[in-house]
Amino acid sequence: MVDRNTLVRMGTSSSASSLDRMLLVPSRIALGYFKAVDNRRLTPYVPNNSLLIAEEAFGHPGAGGSVGFADPMAKMSFGYTMNRMGDGVALNERGQALVDAAYLSQGYTTNAPGSWIK
């Protein structure tokens, strides 16, 4: 079991980059976990490079659209894998639609930057 202080540290952004040198898109990181990042307004637009989760959540997208994350405030963990990879380095439309449905089912709404709030 992880104590509350560790959960807070795991969910707190420790770095943010306007261009991740490996992924070639903006990213936000917290102790090795990815944080919510909305790259939908990149110019030129490159689809499937965003991770739209609540600010308190942390996890990691995988190649082709898979994702695993925990959201301590929502008391939710989430995992998605698929048998057909999609494009991009973060969530694709299929994965994001499932994340959206999970948050909506708990009474969350989305805010302007693309994160989930309650």
Side-chain angles (χ1 to χ4, degrees):
M1 176 167 240
V2 178
D3 66 47
R4 181 73 186 142
N5 288 338
T6 302
L7 275 177
V8 169
R9 289 180 51 225
M10 291 167 74
T12 302
S13 293
S14 59
S15 70
S17 169
S18 62
L19 184 64
D20 185 295
R21 292 185 186 255
M22 181 70 153
L23 302 175
L24 302 177
V25 295
S27 65
R28 295 174 59 224
I29 307 292
L31 293 181
Y33 299 99
F34 273 69
K35 296 290 291 169
V37 63
D38 185 357
N39 290 327
R40 295 175 294 175
R41 292 174 184 81
L42 287 180
T43 305
Y45 174 66
V46 181
N48 307 325
N49 291 309
S50 294
L51 178 60
L52 306 178
I53 56 179
E55 183 57 35
E56 299 82 12
F58 55 90
H60 209 292
S66 60
V67 67
F69 71 90
D71 186 335
M73 295 300 286
K75 295 183 170 71
M76 173 175 70
S77 59
F78 184 94
Y80 170 65
T81 61
M82 63 284 175
N83 60 5
R84 182 175 171 197
M85 287 182 64
D87 296 332
V89 297
L91 279 181
N92 56 33
E93 294 84 15
R94 294 175 295 168
Q96 189 64 59
L98 293 170
V99 169
D100 295 350
Y103 275 112
L104 286 169
S105 73
Q106 293 200 27
Y108 280 72
T109 59
T110 186
N111 64 10
S115 187
W116 288 96
I117 56 174
K118 188 152 191 172

Legend entry - Note, Leu91 side chain near Leu52 side chain (heavy atom, < 4.5 Å): no
Legend entry - Where Met76 and Ala102 come nearest, the two heavy atoms and their spacing: SD-CB, 3.9 Å
Inset, instruction - May I have all residue pairs that pass ring-ring contact (aromatic ring centres under 6.0 Å, His included) and include part of residues 85-106, sequence neighbours excluded? - result: Tyr103-Tyr108, Tyr103-Trp116
Inset, instruction - For Arg84, check side chain to side chain contact (heavy atoms under 4.5 Å, CB included) against everything at least two apart and list the hits. - result: Arg94
Legend entry - Contacts of Asp38 that satisfy salt bridge (Lys or Arg N to Asp or Glu O under 4.0 Å) - sequence neighbours left out: Arg40, Arg41
Inset, instruction - For Gln96, enumerate each residue passing the side chain to side chain donor-acceptor pair (under 3.5 Å) test, keeping only those at least two apart in sequence or located in another chain. - result: Asp100
Inset, instruction - For Ala70, enumerate each residue passing the side chain to side chain contact (heavy atoms under 4.5 Å, CB included) test, keeping only those at least two apart in sequence or located in another chain. - result: Phe58
Legend entry - Minimum heavy-atom distance Leu51-Ala90, with the two atoms named: N-CB, 4.5 Å
Legend entry - Heavy-atom closest contact (Ala54 atom, Ala36 atom, distance): O-CB, 4.3 Å
Inset, instruction - Kindly indicate whether the side chain of Asp71, heavy atoms from C-beta on, has any atom under 4.5 Å from the side chain of Ile53. - result: no
Inset, instruction - Please tell me if the side chains of Phe34 and Pro61 come closer than 4.5 Å, counting only heavy atoms from C-beta onward. - result: yes
Inset, instruction - Under the side chain to side chain donor-acceptor pair (under 3.5 Å) rule, collect the residues that match up with Thr81, sequence neighbours excluded. - result: none
Inset, instruction - Only counting residues at least two apart or in another chain, list the ones meeting side chain to side chain contact (heavy atoms under 4.5 Å, CB included) with Asp3. - result: Asn5, Thr6
Legend entry - Any Met85 side-chain heavy atom under 4.5 Å of Ser66 side chain: no
Inset, instruction - Find the distance between CD1 (Ile117) and OG1 (Thr109) and round it off to the nearest 0.5 Å. - result: 4.0 Å
Inset, instruction - Quick one: which residue pairs count as a side-chain hydrogen bond (donor to acceptor under 3.5 Å, both in side chains) with a foot in residues 28-37, not counting sequence neighbours? - result: Ser13-Arg28, Arg28-Glu55
